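First listed ligand is number 1; within each ligand, the first listed atom is number 1. All values reported here derive from a predicted model rather than from experimental measurement.
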Amino acid sequence: MKIAVGSDHGGFFYKEKIKEYLKSKKYEVVDKGTYSPEPVDYPYFGEEVAKSVASGEVNFGIIICGTGIGISIAANKVPGVRAALCTNEFMARMARSHNDANVLALGQRVIGLDHALTVIDVFLETEFEGGRHERRVRLIHDIEKGKI
Ligand code: RB5
């Protein structure tokens, strides 16, 4: 499974740790930046990861900024992307099983590193339930297409 990671400076430290963690678990990792702790603008990195998910280059994306808020808002502007900001395992499980989220957003200033890694595990290991949730996810993309 291939995963794109991206962050701004506020999430850079976690991005580096998450990269190592994913590689240790044999995931293929694509790093979309930022590549140093210098201040940068989070929308660029949310967009880069989101585009790689939407194009099918990777299966999932993980994006990190200080809170996870700005970068998830940016990623969600890319059609086909469902980025979910999760602060615990329950949210990660629901984001996958009900919302079929394809990007996980985390806040480096919000959640401890070990907890973030557990949230990542849950997100990557939970399947979408489909069924009634399929229709709801489709409706989200109908909004994108201006159908509703
Ligand atoms: C950067 O200081 C910070 O605003 C950013 O990382 C993020 O928290 C934005 O939502």
Side-chain angles (χ1 to χ4, degrees), residues 1-126 128 133 136-146 148:
M1 192 188 293
K2 209 166 169 178
I3 298 166
V5 296
S7 77
D8 70 351
H9 55 290
F12 177 70
F13 176 73
Y14 273 23
K15 176 171 69 66
E16 296 304 298
K17 294 288 179 193
I18 287 167
K19 248 167 45 179
E20 280 171 30
Y21 181 68
L22 292 173
K23 285 179 185 168
S24 80
K25 296 195 81 175
K26 308 289 174 223
Y27 290 106
E28 208 179 320
V29 181
V30 183
D31 187 350
K32 298 288 180 180
T34 186
Y35 303 109
S36 87
E38 289 307 306
V40 288
D41 297 327
Y42 59 77
Y44 292 119
F45 304 94
E47 183 195 20
E48 281 306 310
V49 170
K51 279 183 176 169
S52 73
V53 172
S55 71
E57 181 196 357
V58 297
N59 304 91
F60 291 108
I62 298 177
I63 51 179
I64 313 107
C65 68
T67 57
I69 297 171
I71 203 161
S72 60
I73 293 173
N76 275 316
K77 298 294 178 192
V78 175
V81 165
R82 295 174 300 282
L85 171 57
C86 299
T87 57
N88 60 44
E89 293 87 335
F90 176 72
M91 292 177 81
R93 190 170 300 111
M94 290 300 111
R96 286 289 308 126
S97 59
H98 286 193
N99 312 117
D100 199 16
N102 47 19
V103 174
L104 170 65
L106 297 165
Q108 182 176 298
R109 298 171 189 158
V110 175
I111 183 173
L113 179 60
D114 288 347
H115 194 192
L117 298 180
T118 309
V119 168
I120 288 171
D121 283 342
V122 172
F123 185 87
L124 295 176
E125 289 162 18
T126 305
F128 178 46
H133 303 296
R136 293 163 184 165
V137 169
R138 216 177 310 119
L139 284 166
I140 294 172
H141 295 291
D142 284 349
I143 300 172
E144 239 166 37
K145 293 174 194 143
I148 54 173

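- Using a distance-only test at 3.5 Å, with no hydrogens or angles considered, no donor-acceptor pair links the side chain of Y14 to the main chain of G107.
- Taking the six-membered ring where the residue is Trp, F60 and F123 present perpendicular rings, their angle passing 60° and hence far from 30°.
- Closest approach of S72 to A105, counting heavy atoms only: CB-CB, 3.6 Å.
- The pair E16-K19 counts as a salt bridge, with a side-chain nitrogen and a carboxylate oxygen less than 4.0 angstrom apart.
- Here the shortest heavy-atom pairing between G11 and I64 reads CA-CG2, 3.6 Å.
- Enumerated by chain and number, the residues approaching ligand 1 to less than 4.0 Å through a heavy atom are D8, H9, Y42, C65, G66, T67, G70, R109.
- Looking at Y27 and N59, their side chains never bring a donor and an acceptor atom within 3.5 Å of each other.
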